[in-house]
Amino acid sequence: MSLLRIRNLSVDFATASGQFRAVDGVDVTLEKGELLAIVGESGSGKSVSMLAVMGLLPWTATITADEMSFEGRDLTKITPRERRSIIGKDMAMIFQEPMSSLNPCFTVGFQIKEALRIHMGMDRATRNNRAVELFDQVGIPDAASRLNTFPHQMSGGMNQRVMIAMAIACNPKLLIADEPTTALDVTIQAQILDLLIRLRDEQDMGLVLITHDMGVVAETAERVSVQYAGQKVEEQPVKDLFRHPYHPYTSALLSALPERATSKILPTIPGVVPGQFDRPQGCLFSPRCQFADEKCAQTPPVPCGPEQGRALCHHVDAIEAGEMA
Amino acid sequence: MSDQATPAAATRPSALREFWYYFSENRGAVYGFWFFVAFVLCAALAPWLAPYDSAEQFRDHILQPPVWQEGGSWAFPLGTDPLGRDMLSRLIAGSRFSFFVGVIVVSIAVSGGVMIGLLSGFAPRWLDTIIMRIMDIILAFPSLLLALVLVAILGPSLTNAMIAIAIVFQPHYVRLTRASVLAERQKDYVTSARIAGAGLWRMMFVTVLPNCLAPIIVQGALSFSTAILDAAALGFLGMGAQPPTPEWGTMLAEAREFILRAWWVVTFPGLAILVTVLAINLMGDGLRDALDPKLKRS
Amino acid sequence: MHIADKFSKRPHDCGPLMLRYIFTRLGSFIPTFIGVTLISFMFIRVLPGDPIIVMAGERGMSEERYQEMVVKLGFDKPVIQQYWDYLTGVLQGDLGNSFVTKKPVWDEFFALFPATVELATCAMIFAIALGLPAGVIAAVNRGKFFDRALMSTALVGYSMPIFWWALLLIIVFSGNLGWTPVSGRLDLLYYFDDVTGFMLIDSVLSGQEGAFKSAVHHLVLPTIVLGTVPLAVIARQTRSAMLEVLGEDYIRTARAKGLSPTRINGVHALRNALIPVITVIGLSVGVLMGGAILTESIFSWPGIGKWMMDSIFRRDYPVVQGGLLLIAVIVMIVNLTVDLLYGVINPKIRKR
């Protein structure tokens with residue numbers, strides 16, 4: 001039984017000018033203790049799909065899925081009360097902006113002990129000890145006195161450590177990290193990533209790492225799922241993906257990495273992710289794809305087999321054969 | 001997976017269409033809007049709509065109840081007041097005064113307030129401090145009390161009441177304008193306009209002011225209704241329009257002693273004030289929702 | 001080991017910053033106070049007509065008597081000197097004497113002040129007790145029936161001409177139902193000395209049976225009338241503050257922790273939403289003083305509002321002048337207190 005299994009998940013938002021599809025038929029599978037990275041540009045729906053799993057989307061969102069289960073429990077049919085007993089305990093999430101993700105009116109100690117009280121039913125002294133222990137675990141120095149500080153009195157890196165301590169407080173089986181390092185300084189980024197990997201190893205929890213940074217993926221992940229405009233366009237083990245990307249979008253992302261640059265000017269992907277008003281009829285990447293032809297513009301592609309990274313592209317074979325340079 | 005049934009991309013709607021979409025999403029705002037239109041028409045056509053002259057006294061029909069109550073007649077659908085004047089005619093005539101109060105107070109307060117606020121936002125620090133301190137001082141007085149005292153100085157009349165209310169409202173516009181000017185000045189487009197060599201006047205009126213208008217428009221709509229309320233309150237206290245002017249607040253003051261004997265002389269003028277103010281506030285709320293992008297749904 | 005983790009602030013350094021915040025607020029209080037005294041000083045001098053003639057009333061006054069009054073009121077001195085005398089007088093609690101009663105304005109004001117405070121406090125408690133829950137319930141049920149019903153009611157309350165509202169309530173509750181008295185603070189049946197000036201407390205202290213009930217009866221309608229607009233404002237402001245807060249990242253975090261909606265709304269959201277609501281409550285005090293003029297006039301409530309209104313009609317200028325100044329200063333003090341309270345409730349502000 002997989003820890004997390006999602007089949008054909010779609011999320012639509014009601015907006016002033018009609019429905020907007022943010023996630024379009026995405027599949028995700030995660031085993032216990034596994035680390036999956038979901039990669040994509042801003043607006044590719046990677047956060048939205050995970051927020052759907054957590055049940056944190058606003059009321060304007062409509063979620064449809066053939067399957068969405070956590071440890072075999074169907075998350076689409078669960079009552080709100082049952083969901084609340086799972087999220088924050090067995091399934092936890094940390095967010096991109098540590099500064100705004102903590103409540104400014106309460107001390108960090110209050111916020112971490114709150115989760116312990118509700119899910120673990122600990123008494124006051126046990127809660128306090130556990131909170132200190134968690135702060136130590138995530139590398140916050142002087143843990144006991146730090147519990148009494150307000151979020152705005154600490155740096156972003158420290159706040160993100162608090163967020164992580166809060167997320168792992170109840171020993172979750174799955175941790176979703178939504179761009180945990182994007183808002184932080186580069187030096188802190190590496191520390192936070194190391195911390196997440198270490199915690200995963202220590203507690204044997206599944207970890208979903210949402211990021212737009214291929215560099216982060218290369219350092220950390222085991223399996224990579226690439227999303228574009230709400231669709232999964234490719235999925236491979238990390239080594240294979242870097243060695244042999246099948247989808248043109250993945251190739252373009254990889255060649256935009258500074259480490260891989262072959263010329264003086266870093267290659268970029270022209271254009272932006274399509275929005276509500278310029279969604280193409282066929283392949284969603286076709287307006288920005290160097291290989292796109294008439295077929296790509298007209299017909300949506302179907303995914304290839306696992307041997308080709310389930311790439312969502314008409315021309316995988318042709319590109320591989322070098323026919324479409 | 002291959003569910004591509006999403007309709008072909010819609011084109012981005014025009015700004016006005018989008019505004020109306022958000023505005024009309026709030027049904028109350030649309031009702032308010034149509035009632036306001038009716039109110040304006042009523043004010044404009046008052047002499048032709050009213051069955052009688054508002055001052056005409058029918059000595060045989062003193063305190064006649066409305067038509068649906070025993071003793072009422074269709075000649076005076078909403079009854080008559082203690083001097084035998086037709087309530088309906090007086091109410092219709094009163095809409096004129098309320099409309100004028102709203103228009104004049106808002107235009108004086110907005111034009112003055114926006115000018116001073118714009119000046120304050122662009123002025124050197126010392127001038128800005130002085131202006132804002134003066135506004136603080138005016139705001140320290142409860143507005144109705146200050147208006148009352150101003151009217152006491154100027155002498156009680158509707159014109160003086162309007163002037164007093166406009167003076168009391170002014171600081172709100174100064175603060176609002178200054179705050180949005182300061183917020184806008186931080187933005188890149190203003191910097192780029194300055195670098196492009198725009199002069200001070202151009203910066204103030206062409207570059208910055210149009211981007212500050214949304215909150216001012218909303219505040220304008222809301223103070224239109226507050227102006228009507230305050231003018232009526234002054235009239236009620238005997239410091240606004242003087243009898244026999246058919247101003248709604250003044251009518252209420254005249255009718256006070258009859259409240260337990262003839263409910264209609266008290267109820268209708270107040271109801272007219274309430275409904276008018278309510279309609280304008282509904283419209284103002286709709287305007288705010290439509291103009292304030294923060295409250296729009298994602 | 002975590003050298004790169006730098007702390008922007010040490011944890012327990014709120015004290016001196018909070019003091020500085022208090023001093024900044026006090027610093028802006030003094031110039032405003034001086035401005036307010038200037039305006040009330042100018043008031044008597046820009047009035048149409050000669051105040052001394054007004055004082056004399058219908059009877060008129062001899063030339064010598066007139067000159068005597070000019071000297072007594074200090075009108076012969078230069079304006080700057082007059083203002084200085086006025087300001088020092090104000091600071092010593094001397095606001096002149098009423099033209100009508102000849103008693104010191106200061107004493108009259110503070111004799112009537114408790115009645116207004118009692119009424120305003122009851123109105124505010126009424127407004128907060130109903131407005132806060134209404135706003136929270138509306139925000140949590142956004143777009144649903146409760147939200148629409150509560151917010152439509154609030155908008156009606158917000159648009160209400162309260163002088164008319166008072167008359168309507170009198171028609172229904174005093175006229176038709178006969179439940180409440182029409183005016184005053186207490187039935188004539190009862191009499192006892194002022195101890196605190198607050199009728200609710202004094203009536204209990206007097207030990208007279210039924211006195212407290214009578215005081216409450218007299219207070220009900222004025223409280224509702226005066227509290228209606230603040231109630232509507234607080235409900236609307238609470239709702240919009242809650243809606244804003246409910247969209248914040250930290251609410252998502254709270255939901256991600258698996259907290260119950262009651263706890264999220266009642267603890268995490270409300271605490272943050274209270275910050276703007278408290279500002280609005282503070283600002284309502286000015287509105288309340290304006291409303292008190294109308295309410296007290298209608299219900300013959302012997303407080304500051306009615307006193308001011310009567311004095312305006314009697315052209316008792318020293319009273320109008322002194323009352324205007326004292327009311328403004330009290331509103332300023334309340335606003336200052338609210339600002340300081342704001343610093344306590346919002347931990348972030350102590351940072352500045």
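This one's a predicted model, so the numbers in the text were calculated from it and none came from an experiment.
In terms of non-hydrogen atom pairs under 4.5 Å with chain B, the most contact-rich of Val156(C), Leu168(C), Ile34(C), Asn176(C) is Val156(C). The candidate with the highest count of non-hydrogen atom pairs below 4.5 Å against chain C, out of Leu271(B), Leu274(B), Val266(B), is Leu274(B). Per-residue counts of heavy-atom pairs under 4.5 Å with chain C were compared for Leu139(B), Val151(B), Val277(B), Leu282(B); the largest is that of Val277(B). Note on Ile312(C), Leu38(C), Val285(C): by heavy-atom pairs under 4.5 Å with chain B, the leading option is Ile312(C). Ranked by non-hydrogen atom pairs under 4.5 Å with chain B, the options Val320(C), Leu324(C), Ile327(C), Ile170(C) are led by Leu324(C). Chosen from Ile259(B), Asp136(B), Ile134(B), the residue pairing most often with chain C at heavy-atom distances under 4.5 Å is Ile259(B). Contact tally against chain B (heavy-atom pairs below 4.5 Å) for Ile298(C), Asn335(C), Leu288(C), Leu325(C): the top residue is Ile298(C). Options Leu260(B), Leu146(B), Thr267(B), Thr276(B) differ in how many heavy-atom pairs under 4.5 Å they form with chain C, and the most are formed by Thr267(B).
Listed by sequence position, the residues of residues 29-40 of chain B in contact with chain C number zero, using a 4.5 angstrom heavy-atom cutoff. Inspection of non-hydrogen atoms places Leu229(B), Ala232(B), Ala233(B) of residues 218-234 of chain B under 4.5 Å from chain C.
Both the backbone and the side chain of Met160(C) come within contact range of chain B, each with at least one heavy atom under 4.5 Å from a heavy atom of that chain. Heavy atoms of Ile171(C) lying under 4.5 Å from chain B belong to its backbone as well as its side chain.
Annotation: the span from Met132(B) atom CE to Thr32(C) atom OG1 amounts to 11.0 Å, rounded to 0.5 Å. In this structure, the separation between CE on Met308(C) and CG on Leu145(B) is 4.5 Å, given to the nearest 0.5 Å. Here the CG-OG distance, from Asp285(B) to Ser240(C), works out to 10.0 Å after rounding to the nearest 0.5 Å. Rounding to the nearest 0.5 Å places CZ of Arg27(B) at 6.0 Å from CZ of Arg148(C).
In this structure, Arg133(B) places its CZ atom where more than 12 heavy-atom neighbours from other residues, nucleotides or ligands lie under 6.0 Å away. Counting heavy atoms of neighbouring residues, nucleotides and ligands inside a 6.0 Å radius, atom CH2 of Trp68(B) exceeds 12 of them. Atom CH2 of Trp263(B) has more than 12 heavy atoms from other residues, nucleotides or ligands within 6.0 Å.
Of all heavy-atom pairs between Ile137(B) and Val36(C), the closest is CG2-N, 3.9 Å. For the pair Gly290(C) and Pro142(B), the tightest heavy-atom approach, listed with the atom from each and the gap, is N-CB, 4.0 Å. Heavy-atom minimum distance, Pro161(C) versus Gly270(B): CG-O, 4.0 Å.
Side chains of Asn281(B) and Ser159(C): a donor-acceptor N/O pair is present below 3.5 angstrom, by distance only.
By the 4.5 Å heavy-atom criterion applied to side chains, Arg256(B) and Phe163(C) are not counted as neighbours. The closest side-chain heavy-atom distance from Leu144(B) to Leu294(C) is below 4.5 Å.
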Worksheet item: Stepwise, does the side chain to side chain contact (heavy atoms under 4.5 Å, CB included) test hold for Met239(B) with Phe313(C)?
Response: CA-CA 9 Å; Met239(B) 286 290 174; Phe313(C) 277 117; 4.0 Å; yes

Worksheet entry | Chi angles and distances behind the side chain to side chain contact (heavy atoms under 4.5 Å, CB included) call for Leu167(C), Phe236(B) | CA-CA 12 Å; Leu167(C) 298 180; Phe236(B) 180 78; 4.1 Å; yes

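Side chain of Trp164(C) to backbone of Leu252(B): no donor-acceptor contact under 3.5 angstrom is found.
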